[in-house]
Number of protein chains: 2
Amino acid sequence: MAEPLTSEPRYGNRPTMKDVAARAGVGLKTVSRVVNGEPGVTSGTERRVREAIDALGFRRNDSARVLRKGRTATIGLVLEDLADPFYGQIGRAVEEVARAHGTLLINGSSARDPEREQELALALCARRVDGLVVIPAGDDHRYLEPEMRAGVATVFADRPAGLIDADTVLSDSFGGARDGVAHLIAHGHRRIGFVGDRPAVHTAAERLRGYRAAMEDAGLPVDERWVAPGSTDPERVTAAVTAMLSGPEPVTALFTGNNRVTVTAVRVLAARTASGGGRAPVAPVALVGFDDVELGDVLGLTVIAQDPAALGRTAAEHLFRRLAGTAEPPRHVVIGTRLLARGSGETPPPSP
Amino acid sequence: MAEPLTSEPRYGNRPTMKDVAARAGVGLKTVSRVVNGEPGVTSGTERRVREAIDALGFRRNDSARVLRKGRTATIGLVLEDLADPFYGQIGRAVEEVARAHGTLLINGSSARDPEREQELALALCARRVDGLVVIPAGDDHRYLEPEMRAGVATVFADRPAGLIDADTVLSDSFGGARDGVAHLIAHGHRRIGFVGDRPAVHTAAERLRGYRAAMEDAGLPVDERWVAPGSTDPERVTAAVTAMLSGPEPVTALFTGNNRVTVTAVRVLAARTASGGGRAPVAPVALVGFDDVELGDVLGLTVIAQDPAALGRTAAEHLFRRLAGTAEPPRHVVIGTRLLARGSGETPPPSP
DNA sequence: TAGGGCCTGGACAACGTTGTCCAGCCGAGG
DNA sequence: CCTCGGCTGGACAACGTTGTCCAGGCCCTA
């Protein structure tokens, strides 16, 4: 980050309590009393102070207040990408809880970059946020230990903290993925592909584990060509899906590991169906995706739906419990997922 | 908001520069020099200071720094709903620009409530944000005048400021809507319905105006039963769409005024097509929506796409230009829209 | 060796607010 | 009329940092 602070513009010379006091002809502390609604000011004096405030356009400087009081009434949220609806919903839920506690929210996107996550989290600590909700990008959060010891309440959401023991709120990635794949198996599929995020991402690894568990539970072998963890880059996903669908023994169903992968896979399948219209009809491929996506209902997309609002709300509520002074040991909450059967996951495999 | 600040926990007694100085056996200002990378400290002294910093887990208190420096290196963003992908994208774009300027972003959702917008914006001003990007919920922003005079740079995005003259960055709602409706007319439609947001919302009014302009340009009459501005509540939208599609002379095409209305309309049309399968086939209804939606390409949805990232980026860049001291009169930027023809808008009307 | 300049380090005030404490004033009771 | 108590208002320090200014020591040169 560039050096951001220059010392010149002094807030454009905003009036201070001292200015208000001078104009109203009272003492500094009297103005403070009026502004904060403290008792001990006669109504006449209060009126004069209020007039001076309005005349000068005074607004209390919360920075100074915070410095004096020791609490900022601000919490920080480090998420992955504000523009991703999934994280947007988490952010919104955190915000609502914060608002209910009279607290502001500073947030920033890590853009999946561990270094940027750290830079952001520490910048928030330097602002002395009272607490922090972190959606990890990296897998080593020891850098936060000094801050947490110093009193910054911290809750990790969506993914676990790395190398430290801390409060976490997660979705049931393993169970959700296992249920989704089992659903496909129940509808007759035996060759099922898995396209997911990088295995370094905890949730991605868990979902892959769920996939393998479901296959194993059903006694089905897993051909490693069916398993494609990697980036969520559309090109990578397109290539992976295309590869699985070609060859002598293509998969008959796909399980996609998160919303971005699902969106790309849907595009690939849609294009395939459309282009196949001219020649031999393409066998439809079943699809179950982790995460719901907008209009998934209209598209008939079967998904394992997380509850991002619950994720954010739970994390924030736990944060405020910590801020209120709870000293219980770190808590690990898991939020269940729901399978929404809407068509794409119930397509049977083509008869051989 | 509840009274948020209590004075007890004093940041959990974090070490200050004074503590570091004592431990390192140097003066306070020397620590400051090291922390800020200022010259004038021998390498030996610097090493001792750094050791003390690490040992104590010191982190500079930016609140105090800000108080001294007069600039917070923070900007505020008041938007409508963090969980709405459209605003999420704007937020993300603002964040990227802020980041490039070494600035943090505090944001909050107004939830379309003018009072909440004001409360939020003024809270941000009390935090002494250097600047403010506001996506208006209300239509009277005179409450911000004292703040702006006092030096808070302010840019309005997506909707214009109410009753004050200020920088704005808007999408071309009128032109976009006119183009969208003209597109439907060009494909043979004459009875076209408009379902939009409340007319008190500036963009909604503009889009309705665009609809009327396109109809008038084509010499087509507008039956007022085809025009349904109102809330974006799904039930309201469902009822409006259903009403337009029934009766002796139903509309053959729909223009929907924003992403939420579009999503609901798509659901209604999809349900209609599905249920009609058993009986007489339902005539397909053409649809053009304002705003793109995720997977709109797969659904074959013709839309007037805004560029939310450009909206946010432009607003933020202009904000930083103001912060750098530009004194030009308020600027009003309009960002163009693009018609994405993907199928739903090119369906011809049923032959009579 | 003496003088001058530079380099290093520290004392002090200030940013705008709030908490503590005390002074002055008023009315009531002796 | 005096005293005591309560109420109002203000002076002062402190929060943690940075900017200003100055003192002392060192090295270099004459």
Side-chain angles (χ1 to χ4, degrees), chain A residues 3-22 24-49 52-53 56 58-73 125-128 150, chain B residues 3-22 24-49 52-53 56 58-73 125-128 150:
Chain A
E3 179 56 37
L5 261 48
T6 55
S7 58
E8 298 164 34
R10 190 97 273 141
Y11 306 136
N13 279 326
R14 293 194 74 129
T16 71
M17 284 192 177
K18 202 164 140 191
D19 302 322
V20 174
V26 301
L28 181 54
K29 188 64 221 268
T30 302
V31 177
S32 173
R33 288 211 183 90
V34 171
V35 170
N36 293 295
E38 291 169 22
V41 183
T42 50
S43 64
T45 307
E46 173 170 351
R47 195 173 37 73
R48 273 187 307 154
V49 170
I53 288 176
L56 295 172
F58 167 80
R59 180 168 309 282
R60 182 177 63 196
N61 183 334
D62 275 353
S63 277
R65 177 169 206 239
V66 142
L67 176 61
R68 185 62 231 258
K69 289 231 162 201
R71 280 223 169 184
T72 57
C125 290
R127 293 297 164 97
R128 293 296 186 269
Chain B
E3 179 55 37
L5 261 49
T6 55
S7 58
E8 299 165 32
R10 190 97 272 141
Y11 306 136
N13 279 327
R14 294 193 76 128
T16 71
M17 285 193 179
K18 201 163 140 190
D19 301 323
V20 174
V26 302
L28 180 55
K29 189 63 222 266
T30 302
V31 177
S32 173
R33 287 210 184 89
V34 171
V35 169
N36 293 295
E38 291 169 23
V41 182
T42 51
S43 64
T45 308
E46 173 170 351
R47 196 173 37 72
R48 272 188 305 153
V49 170
I53 287 176
L56 295 172
F58 167 80
R59 180 167 310 281
R60 182 178 63 194
N61 183 334
D62 275 354
S63 277
R65 178 169 205 240
V66 142
L67 176 61
R68 184 63 231 257
K69 289 231 163 200
R71 279 223 171 185
T72 57
C125 290
R127 292 295 163 96
R128 292 297 186 269

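We name chains A, B, ... by the order of the sequence lines, and we start the count at 1 in each one. What you see below is based on every heavy atom in this structure, not just the backbone, and it leaves out hydrogens, waters and symmetry mates. Here the structure is a predicted model, which means the values were calculated and not measured.
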May I have the distance from [X] (atom [atom1]) to [N] (atom [atom2]), rounded to whole angstrom?
X: K18(A); N: dA13(D); atom1: NZ; atom2: P; value: 14 Å
X: D62(A); N: dC15(C); atom1: CG; atom2: C1'; value: 15 Å
X: L56(B); N: dG16(D); atom1: CG; atom2: P; value: 14 Å
X: R65(A); N: dT18(C); atom1: CZ; atom2: P; value: 6 Å
X: N61(B); N: dT17(C); atom1: CG; atom2: C1'; value: 14 Å
X: R71(A); N: dC15(D); atom1: CZ; atom2: P; value: 18 Å
X: D19(B); N: dT17(D); atom1: CG; atom2: C1'; value: 13 Å
X: K69(A); N: dA13(D); atom1: NZ; atom2: C1'; value: 17 Å

Quick one: is [N] close enough that its OP1 or OP2 comes under 4.0 Å of any side-chain N or O from [X]?
X: R68(A); N: dA14(D); answer: no
X: R14(A); N: dG16(C); answer: no
X: S32(A); N: dT17(C); answer: no

Review point. Checking side chain to side chain donor-acceptor pair (under 3.5 Å) for the pair R60(B)/N36(B): CA distance, chi angles, key distance, verdict?
Key: CA-CA 10 Å; R60(B) 182 178 63 194; N36(B) 293 295; 2.5 Å; yes
Side-chain heavy-atom pair [X], [Y] within 4.5 angstrom cut-off:
X: V31(A); Y: V26(A); value: yes
X: V35(B); Y: V20(B); value: no
X: R128(B); Y: V66(B); value: no

Measure across [X] and [Y] and return the closest heavy-atom pair with its distance rounded to 0.1 Å.
X: L28(A); Y: M17(A); answer: CD1-CB, 3.4 Å
X: R59(B); Y: C125(A); answer: CD-CB, 4.0 Å
X: L67(A); Y: A64(B); answer: CD1-CB, 3.7 Å

**Study point:** Short side-chain to backbone donor-acceptor contact, S63(A) and S63(B), under 3.5 Å
**Key:**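 Answer holds: no.
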Pull out every protein N or O sitting under 3.5 Å from an N or O of nucleotides 10-12 of chain C, one pair per line with the distance.
{"residue": "dG10(C)", "atom": "OP1", "partner": "G27(B)", "partner atom": "N", "Å": "3.4"}
{"residue": "dG10(C)", "atom": "OP2", "partner": "G27(B)", "partner atom": "N", "Å": "2.2"}
{"residue": "dG10(C)", "atom": "OP2", "partner": "T30(B)", "partner atom": "OG1", "Å": "3.0"}
{"residue": "dG10(C)", "atom": "O6", "partner": "R33(B)", "partner atom": "NH2", "Å": "2.7"}

Exercise for review: Within residues 34-47 of chain A, find the residues that approach DNA chain C with a heavy atom at under 4.0 Å, and present them sorted by residue number.
Suggested key: N36(A), E38(A)
Revision key, fill the gap. d(R65(A) CZ, T72(A) OG1) to nearest 0.5 Å is 11.5 Å
